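In what follows, a structure is listed as structure tokens, so that the remarks can point back to it.
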Amino acid sequence: MHGGGGCDRRPHRGGPSCQGLGLGRELLKATVTQFDFRRITARTETEAVGFYRRCGFSVGSFGEIYRGVERFDCTLDVIRA
């Protein structure tokens with residue numbers, strides 16, 4: 001968590017039997033509901049980019065940090081009514 005109203009999401013990938021059940025999306029919804037974050041950011045690899053896009057994150061590549069492994073910054077600006 002950041003004092004400026006944001007947080008960095010640490011990677012938490014469920015096993016194959018848990019993927020596709022909506023658990024990650026529900027965890028993100030609960031985070032937004034429970035905390036007054038204005039921005040959530042996650043750094044991830046190619047395999048998770050689709051998940052973050054489907055959850056409304058903007059995604060930008062920051063290149064390879066390891067040979068053959070592209071990394072992405074995913075950012076969600078939380079808009080409150």
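All of these numbers come straight from a predicted model, not from anything done at the bench.
- Sorted by first and then second residue, the salt bridge (charged side-chain N to carboxylate O under 4.0 Å, His left out) pairs with a member in residues 48-71 read E45-R71; sequence neighbours excluded.
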Query raised in the report: V78 and R38: side-chain contact (heavy atoms from CB on, under 4.5 Å), yes or no, with the steps?
Result: CA-CA 5 Å; V78 179; R38 290 187 293 265; 5.5 Å; no

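- Residue pairs meeting the salt bridge (charged side-chain N to carboxylate O under 4.0 Å, His left out) criterion with at least one member in residues 19-30, sequence neighbours excluded, are E26-K29.
- The line from CD1 of I40 to OH of Y52 is 9.5 Å long, rounded to the nearest 0.5 Å.
- When hydrophobic residues (I, L, V, M, F, W, Y) are linked wherever their side-chain heavy atoms come within less than 4.5 Å, the members clustered with V59 are V49, F72.
- Distance check: L28 CG to L23 CG gives 11.5 Å after rounding to the nearest 0.5 Å.
- Looking at C74 and T44, their side chains come closer than 4.5 Å, going by heavy atoms from C-beta outward.
- In this structure, I65 belongs to a hydrophobic cluster whose other members, linked by side-chain heavy atoms under 4.5 Å apart, are F62, Y66, V69.
- Between R39 and D77, the shortest heavy-atom distance links the atoms NE-OD1, 2.6 Å.
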